[in-house]
Novice: 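Quick one: structure below, then a few questions.
Values reported hereafter were calculated over all heavy atoms of this structure, with side chains retained and with hydrogens, waters and symmetry mates removed. Numbering of residues begins at 1 and proceeds along the displayed sequence. Start at 1 and go down the list; that is how both ligands and their atoms are numbered.
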Amino acid sequence: MIKLNPISFENTEYAFAYKKNGELKRAHFLFTSMGKPWLINLGLKLTPLAIKWNFPFTKMVIRNTIFSQFVGGETLQETAAVANKLNNYNVKVILDYGVEGGADGENGFDESTKEFIKVIDYAATQHNIPFMSVKVTGLSRFGLLEKIDTLMNAGTGTLMKRYLQAIGQLNTTESEEWHRVRSRMLKICEVAASKKVAVLIDAEETWIQDPVDALTILMMDCFNKNTTVIYNTLQLYRHDRLQFLKDCYAAAVERNFILGIKLVRGAYMENERNRAIKMNYPSPIQVSKAATDKDFDEAVAFCITHINSIALIVATHNEQSNLLATALMIKNEFPLYHERIHFSQLYGMSDNITFNLAKAGCSVSKYLPFGPIKDVIPYLMRRAQENSSVAGQTGRELGLIEKETKRRRVNG
Ligand SMILES: Cc1cc2nc3c(=O)[nH]c(=O)nc-3n(C[C@H](O)[C@H](O)[C@H](O)COP(=O)(O)OP(=O)(O)OC[C@H]3O[C@@H](n4cnc5c(N)ncnc54)[C@H](O)[C@@H]3O)c2cc1C
């Protein structure tokens, strides 16, 4: 007999139970504002400048609006209030130290490494923080990653073969620099393994991604033998990633490690397309949203089918993809709480998915960034852009908030 999927994302009482009326009102105001393209465009241009010039009240306005919606706090300690609140509803946390563009120079990268380790130490003391995330651009000079990526693209053979060829072509200074990047990553992974906190490596721009993938796979080969310490991120808006997933799986089976995979659609689509046009190379991005959706869902199905060698994080706000994953779990007669299948949404978005999955018993988390306001600006800009279409995510968020506000009014 086919079992029906008991999960629905319509229950707004569960979705917003953690928000007081005032907080719900503030979220409504914010999503309404983000639905105005002229305001978003102005904000995207002026905010970085206002921060740079220390314009009065800028930080206060950001802190009380978009920052409090999408970010856990300015310090690690400040995230505790949000994490504890989520814990009350069986929602876990992926803690993200938002250093994007914040770290620079060797000292900066060493400092970031210390910060990442502080996050791991802290997460290990908490009930509901099993994961933390790392951006390799917080550990390495962007130009060095770009150079290795270019060399790898000119090479032939498997990812690892091209990686080794590329590393062999670096000059002595670059080679030493890359050695320091590897040591930073190794240190983070060693501490994470000893503290039983998993490390999720974020995916960034395609023109630096090959060395990130190679480094991550090397770490998995080392640390993912019995449990999953390291996860790589695959962006399915890239048309080559489904095949890459299959190649990684083959490597994991051959080398006998657990392939940790976080599936996302991808956050840098416009930059990717613009660069491809500007530099006259074929775009790495799928031809349409439908093609991205198709590959994302195929990747989910592939991971669930091969769950013996894979640990999966379904990281999406797409209701259909989340429903597909739960339907496949039910079809395979897996429990909804599965130690190898986890769901995640960004803090401040799609509470209807997160809290209804938690209510149904799934393992689910919020991706919770923290950091000084000036350092999380690039992250906030991406959230503003992503939520700027009333027809898309914003419309959905607003509809749900309005439904819950009405429900609370009727029920007193
Ligand atoms: C927990 C978590 C971690 C994340 N980590 C990362 C990360 O490490 N790296 C990263 O890049 N992103 C990351 N993201 C963001 C993610 O990539 C998406 O930007 C975001 O989640 C929106 O996609 P969706 O699947 O939620 O929703 P949907 O609304 O279904 O999809 C929107 C996405 O579809 C794609 N898309 C839209 N239009 C088109 C088109 N015309 N052609 C092709 N594709 C199109 C784009 O990727 C767009 O963001 C993360 C998201 C979550 C929830």
Side-chain angles (χ1 to χ4, degrees), residues 9 70 72 86 91-100 129-138 198-209 212-213 216 230-242 260-274 276 283-297 299-300 312-325 342-354 357 363-369 378-397:
F9 299 131
F70 295 115
L86 295 173
V91 173
K92 300 175 193 183
V93 169
I94 298 173
L95 209 44
D96 171 55
Y97 169 55
V99 285
E100 289 177 55
I129 314 185
F131 309 104
M132 56 86 65
S133 73
V134 167
K135 279 192 172 49
V136 177
T137 45
V199 176
L200 317 186
I201 308 296
D202 279 0
E204 302 181 67
E205 290 89 349
T206 46
W207 55 97
I208 58 161
Q209 193 60 40
V212 173
D213 288 335
T216 307
I230 317 296
Y231 289 76
N232 198 12
T233 301
L234 259 59
Q235 299 158 311
L236 276 304
Y237 67 6
R238 289 181 57 170
H239 51 63
D240 62 352
R241 290 294 91 171
L242 189 56
I261 286 289
K262 178 180 85 175
L263 296 177
V264 302
R265 281 181 169 76
Y268 307 89
M269 187 170 71
E270 292 309 320
N271 286 356
E272 291 286 353
R273 285 189 168 146
N274 291 342
S283 172
I285 303 297
Q286 307 261 16
V287 290
S288 64
K289 171 75 163 69
T292 299
D293 291 347
K294 183 171 174 288
D295 275 13
F296 188 95
D297 289 349
V300 168
L312 167 67
I313 301 180
V314 183
T316 179
H317 308 113
N318 185 298
E319 293 183 7
Q320 291 315 313
S321 296
N322 281 297
L323 283 176
L324 171 78
H342 182 78
F343 297 81
S344 188
Q345 289 76 44
L346 304 179
Y347 180 66
M349 287 173 69
S350 298
D351 287 340
N352 63 315
I353 297 179
T354 314
L357 283 173
S363 175
V364 59
S365 65
K366 284 294 194 191
Y367 181 99
L368 186 68
Y379 178 84
L380 291 176
M381 298 278 131
R382 284 205 299 283
R383 296 300 72 86
Q385 266 171 329
E386 197 166 72
N387 286 290
S388 63
S389 145
V390 184
Q393 185 65 26
T394 298
R396 181 79 179 129
E397 298 286 354

Novice: Would you confirm whether D202, through its side chain, and K135, through its main-chain N or O, come within 3.5 Å as a donor-acceptor pair?
Specialist: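 Answer holds: no.
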
Novice: Can you tell whether the side chains of R238 and D295 come within less than 4.0 Å, N to carboxylate O?
Specialist: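 Between D295 and R238 there is no salt bridge, as every charged N stays at least 4.0 Å from the carboxylate O atoms.
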
Novice: Give the single entry among L263, T292, I201 that approaches atom 43 (C) of ligand 1 most closely by any heavy atom.
Specialist: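 Among L263, T292, I201, the closest heavy atom to atom 43 (C) of ligand 1 belongs to T292.
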
Novice: Pick, from I313, N318, L368, the option with the minimum heavy-atom distance to atom 30 (O) of ligand 1.
Specialist: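 Heavy atom nearest to atom 30 (O) of ligand 1 belongs to N318.
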
Novice: For L346, does its backbone N or O pair with a side-chain atom of H317 as donor and acceptor, under 3.5 Å?
Specialist: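 Yes, because the side chain of H317 sits within donor-acceptor range (under 3.5 Å) of the backbone of L346.
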
Novice: Please work out whether any backbone atom (N, CA, C, O) or any side-chain heavy atom from C-beta onward of Q235 is under 4.0 Å from ligand 1, and answer side chain, backbone, both or neither.
Specialist: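 Looking at Q235 and ligand 1, just side chain atoms fall under 4.0 Å.
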
Novice: Who's the nearest protein heavy-atom neighbour of atom 16 (C) of ligand 1, and how far?
Specialist: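 I find the closest protein heavy atom is G266 N, 3.7 Å.
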
Novice: What do we get for S288 next to ligand 1 when only non-hydrogen atoms under 4.0 Å count, side chain, backbone, both or neither?
Specialist: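 The answer is the backbone.
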
Novice: Show which atoms of ligand 1 fall inside a sub-4.0 Å distance from at least one heavy-atom site of L346.
Specialist: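 Taking each heavy atom of L346 in turn, ligand 1 has 2 (C), 51 (C), 52 (C), 53 (C) under 4.0 Å.
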
Novice: Polar contacts were defined as any N/O atom of the residue lying under 3.5 Å from an N/O atom of the ligand; does this apply to H317 and ligand 1?
Specialist: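 For ligand 1, there is an N or O atom that lies under 3.5 Å from one belonging to H317.
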
Novice: Quick one: does any side-chain atom of E205 pair with a main-chain N or O of Y268 as donor and acceptor, under 3.5 Å?
Specialist: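 Here the side-chain-to-backbone pair does not exist.
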
Novice: Counting only heavy atoms, which portion of Y268 has something under 4.0 Å from ligand 1: side chain, backbone, both, or neither?
Specialist: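 Within the 4.0 Å criterion, Y268 contacts ligand 1 through side-chain atoms alone.
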
Novice: Looking at ligand 1, is there an atom of it that comes within less than 4.0 Å of some heavy atom belonging to R273?
Specialist: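 Yes, R273 has a heavy atom closer than 4.0 Å to ligand 1.
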
Novice: Out of Q385, E272, K262, whose heavy atom is nearest to atom 5 (N) of ligand 1?
Specialist: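 That would be K262.
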
Novice: Of all the non-hydrogen atoms in the protein, which one sits nearest to atom 22 (C) of ligand 1, and at what distance?
Specialist: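 Result for atom 22 (C) of ligand 1: E386 OE2, 3.7 Å.
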
Novice: What atoms of ligand 1 come closer than 4.0 angstrom to any heavy atom of A267?
Specialist: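 Those of ligand 1 that fall under 4.0 Å from A267 are 10 (C), 11 (O), 12 (N), 17 (O), 19 (O).
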
Novice: Is there a donor-acceptor pair under 3.5 Å between the side chain of E397 and the backbone N or O of S350?
Specialist: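 Indeed, once roles are kept as given, a pair shorter than 3.5 Å links the two residues.
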
Novice: Has the side chain of Q345 got a donor or acceptor atom that lies under 3.5 Å from a matching backbone atom of T316?
Specialist: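 Answer holds: yes.
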
Novice: From the options V264, T233, L200, select the one residue that forms a side-chain contact (heavy atoms from CB on, under 4.5 Å) with I313.
Specialist: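 Between I313 and the candidates, side-chain contact (heavy atoms from CB on, under 4.5 Å) is satisfied uniquely by L200.
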
Novice: Any luck finding a side-chain donor-acceptor pair between E319 and N352 under 3.5 Å?
Specialist: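 Side chains of E319 and N352: pair found under 3.5 Å.
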
Novice: Which atoms of ligand 1 sit under 4.0 Å from any heavy atom of A203?
Specialist: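 Selected atoms, number and element: 7 (C), 8 (O), 9 (N), 10 (C), 11 (O).
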
Novice: Using heavy-atom distances only, which candidate in V264, L200, V134, N322 approaches atom 50 (C) of ligand 1 most closely?
Specialist: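 Shortest heavy-atom distance from atom 50 (C) of ligand 1: V264.
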
Novice: So, H342 side chain and K262 main chain: donor-acceptor pair closer than 3.5 Å or not?
Specialist: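 A pair under 3.5 Å: no.
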
Novice: Taking both backbone and side-chain atoms of T316, is any N or O found less than 3.5 Å from an N or O belonging to ligand 1?
Specialist: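 Between T316 and ligand 1 (N or O atoms, distance only) the closest approach is under 3.5 Å.
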
Novice: Number the atoms of ligand 1 from 1 as they appear, then name those within less than 4.0 Å of a heavy atom of D202, with their elements.
Specialist: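 Answer for ligand 1: 8 (O).
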
Novice: Regarding ligand 1, does S344 bring an N or O atom to under 3.5 Å of one of the ligand's N or O atoms?
Specialist: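 The answer is no, given that S344 and ligand 1 share no N or O pair closer than 3.5 Å.
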
Novice: Would you indicate whether the side-chain heavy atoms of Y367 and D96 approach each other to under 4.5 Å?
Specialist: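 D96 reaches Y367 side chain to side chain.
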
Novice: How far is atom 38 (N) of ligand 1 from its nearest protein heavy atom, and which residue and atom is that?
Specialist: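 Nearest neighbour among protein heavy atoms for atom 38 (N) of ligand 1, to 0.1 Å: M269 CE, 3.6 Å.
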
Novice: For R265 and ligand 1, does the shortest N/O to N/O distance drop below 3.5 Å?
Specialist: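 Yes; at least one N/O pair falls below 3.5 Å.
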
Novice: In the protein, which heavy atom is nearest to atom 40 (C) of ligand 1, and how far is it?
Specialist: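 Answer, as residue, atom name and distance: K289 N, 3.4 Å.
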
Novice: Once the angle between the rings of Y231 and F131 is folded into 0 to 90°, is it parallel (under 30°), tilted (30 to 60°) or perpendicular (over 60°)?
Specialist: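 It falls in the perpendicular class, over 60°.
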
Novice: Would a 4.5 Å heavy-atom cut-off, applied to side chains only, mark K294 and Q286 as touching?
Specialist: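 Side chain of K294 against side chain of Q286, heavy atoms only: no contact under 4.5 Å found.
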
